[in-house]
Amino acid sequence: MSTLGAIREKVESGQRLSFEDGLTLEASTDLFTLGDMANLVRERYNGNFGYYNVNTHINPTNVCVYKCDFCAFRADLGEDRAYVMDEAQIRERALQAHGRGATELHIVGGLHHKLPFQYYVDVVKWVKDAAPEIHVKAYTAVEIEWFCKIDRKSIKEVLETLVDAGLGSLPGGGAEIFHPEVREAICGAKASTETWLEVHRTAHKLGLNSNATMLYGHIDKPKHRIDHMIRLRELQDETGGFQTFIPLAFHPDNSRMDEIPKPSGVMDLKTMAISRLMLDNFPHIKAYWVMLGIKTAQVALSFGADDIDGTVVHEKIYHEAGAETPQEQSVAEIRRLIVEAGRVPVERDTLYHEVSREGSSWASGKRIEVPILTMSRS
Ligand code: V47
């Protein structure tokens, strides 16, 4: 077993941490040391910047063929709370987002038993037609696999069709926990680990960037989380296409795992710090305020995170699962929280270009350069 002292030496000299190092970090209760090491890496990669964006979510349908144990959002066909957004609603949401200055629409939803792939393609087209400047970050790898199944197409063909419709990048959802001991227990029916990774590999080869997530704080154990991060790190070594890692804290309410307590504040900050330390080739680590709560997200800016996501508006997946955060944060409030945490607020677009705003319009400027160091593999 490695020691925290030996790990600090590795971190300071930019050496890659091993699986065993990850377990040592997980076993430690020395939160300040973990945070301090993560902060070193965070500042090495992102200086003093604290990124945010102006975005909105659209969940086009909550009807889903799968019944993942952790999900409080899904509905069955014919259930009272089941819905499918139509063209007018999607266009209205895109126009509303545009009117509020959003640079990004985050679109994810259920895998509807009856909707054809064309509906999901049209959703992207309707948004781009209504608000051409908006970046569409849409459809998790799980949805992409579903589209392959219902339309008998390869991953590459599905992604190319969506790119032609206006898709800009892939969000990181659906990753949950890759280790089979956990994946099979909580969401065994949906896209396998290999498929999730293959979708992102294919997207990166097509020149699309994507994010990655990890759903923690349910039946997962330290070895599962470290294994998850190492699988992502290996794919990132291969493709370099991931932008941001987002550890997602499990919200139990209204799910089939509602007997499990929410992860604690210590676990949230530890997981953030360990993510920053293990994922040495990911440019960004996001503290998604919707699920962490705005107070923990703010503190996380000193525990490895450099980004707190966006204004959000219309979030359903967490709010159905008991998130008590508001639906929306104003830009002024996000900036205030970042400044108070001692960071310099930078509005970014989805691909980490700095956004400059003059009057009511916005323009993406230069890509924010992140000095990814070559890690020594020892
Ligand atoms: O894959 C579902 C998670 C994810 C619950 O890419 C739950 O920028 C906790 O991936 N408790 C979707 N988590 C959200 C997502 C995301 C969020 C923010 C930013 C980005 C990005 C991606 O939400 C799902 C699942 O892991 N989830 N139900 C729940 N009860």
Side-chain angles (χ1 to χ4, degrees), residues 51-53 55-59 62 64 66-75 103-111 135-145 168-178 182-183 186-187 190-191 196 199-200 203 208-220 228 232 241-263 267-268 271 282-293 297 305 307-325 348-352:
Y51 305 107
Y52 69 94
N53 71 347
N55 66 349
T56 298
H57 288 215
I58 299 183
N59 306 121
N62 61 351
C64 193
Y66 294 137
K67 294 185 176 175
C68 301
D69 284 357
F70 54 82
C71 185
F73 167 70
R74 74 163 300 279
T103 60
E104 170 187 287
L105 265 171
H106 178 153
I107 306 178
V108 292
L111 312 177
H135 178 106
V136 175
K137 180 178 80 179
Y139 304 133
T140 65
V142 174
E143 288 162 285
I144 302 293
E145 189 209 33
S169 62
L170 295 188
E176 322 315 357
I177 288 281
F178 291 142
V182 176
R183 195 170 193 83
I186 63 170
C187 58
K190 76 178 182 190
W196 192 99
V199 168
H200 285 259
L208 289 172
N209 283 116
S210 70
N211 293 337
T213 57
M214 175 179 76
L215 180 66
Y216 67 90
H218 40 92
I219 60 165
D220 49 302
H228 189 93
L232 288 171
F242 286 116
Q243 300 200 112
T244 312
F245 179 70
I246 309 137
L248 296 169
F250 174 54
H251 278 255
D253 292 1
N254 305 321
S255 77
R256 292 199 283 173
M257 297 199 290
D258 62 0
E259 75 289 355
I260 299 178
K262 275 187 193 167
M267 184 171 197
D268 287 339
T271 308
F282 271 60
H284 302 284
I285 305 288
K286 191 188 283 184
Y288 183 42
W289 66 263
V290 173
M291 64 68 164
L292 278 178
D307 192 312
I308 64 172
D309 203 74
T311 42
V312 182
V313 191
H314 304 299
E315 200 286 328
K316 282 179 177 290
I317 298 174
Y318 285 98
H319 288 94
E320 299 281 354
E324 285 161 11
T325 43
R348 59 154 182 96
D349 67 11
T350 311
L351 303 176
Y352 288 82

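Both counts, for ligands and for their atoms, begin at 1 and track the order of listing. The first residue in the sequence is number 1, and the count goes up from there. Remember, predicted model here, so these are calculated numbers, not experimental data.
- Residue contact check for ligand 1: Ala249 places a non-hydrogen atom closer than 4.0 Å to it.
- Using a 4.0 angstrom heavy-atom cutoff, Ser255 does not count as in contact with ligand 1.
- Not a single donor-acceptor pair under 3.5 Å links the side chain of Asn211 to the backbone N or O of Leu170.
- Listed by atom number, the atoms of ligand 1 under 4.0 Å from Gly174 heavy atoms are 1 (O).
- A donor-acceptor pair under 3.5 Å is absent between the side-chain atoms of His57 and the main chain of Val108, judged by distance alone.
- Considering backbone and side-chain N/O atoms, Phe70 comes within less than 3.5 Å of an N/O atom of ligand 1.
- Geometrically, ligand 1 and Glu176 share a nitrogen or oxygen pair separated by less than 3.5 Å.
- One N or O on the side chain of His228 and one on the backbone of Phe178 form a donor-acceptor pair closer than 3.5 Å.
- For Cys187, the side-chain contact (heavy atoms from CB on, under 4.5 Å) partners are Cys68, Phe70, Glu176, Arg183, Lys190, not counting sequence neighbours.
- Looking at ligand 1, you'll find an N or O of Asn211 within less than 3.5 Å of one of its N or O atoms.
- Legend: residues meeting side chain to side chain donor-acceptor pair (under 3.5 Å) with Asp307, ordered by chain and number and at least two apart, are Arg348, Tyr352.
- Atoms of ligand 1 lying under 4.0 Å from at least one heavy atom of Pro171, given by number and element, are 6 (O).
- Looking at His251, its side chain does come within 3.5 Å of a backbone N or O of Met291 through a donor-acceptor pair.
- Summarising the contacts of atom 30 (N) of ligand 1 with His57, Gln243, His251, Arg256, the nearest heavy atom is found in His251.
- Considering backbone and side-chain atoms together, Leu248 places no N or O closer than 3.5 Å to any N or O of ligand 1.
- A 4.5 Å side-chain heavy-atom check between Val290 and Asp309 finds every atom pair outside the cut-off.
- Each of the following atoms of ligand 1 lies closer than 4.0 Å to a heavy atom of Leu215: 7 (C), 9 (C), 13 (N), 26 (O).
- Taking NE2 from His106 and OG from Ser169, the interatomic distance works out to 9.0 Å, rounded to the nearest 0.5 Å.
- Looking only at distances, a side-chain donor or acceptor of Glu143 sits under 3.5 Å from a matching main-chain atom of Thr140.
- With a 4.0 Å cut-off on non-hydrogen atoms, Ile246 touches ligand 1 through its side chain and not its backbone.
- Set against the non-hydrogen atoms of Thr213, the atoms of ligand 1 under 4.0 Å away are 10 (O).
- Any N or O atom pair closer than 3.5 Å counts here, and Asp309 shares no such pair with ligand 1.
- The shortest N/O to N/O separation between Gly173 and ligand 1 falls below 3.5 Å.
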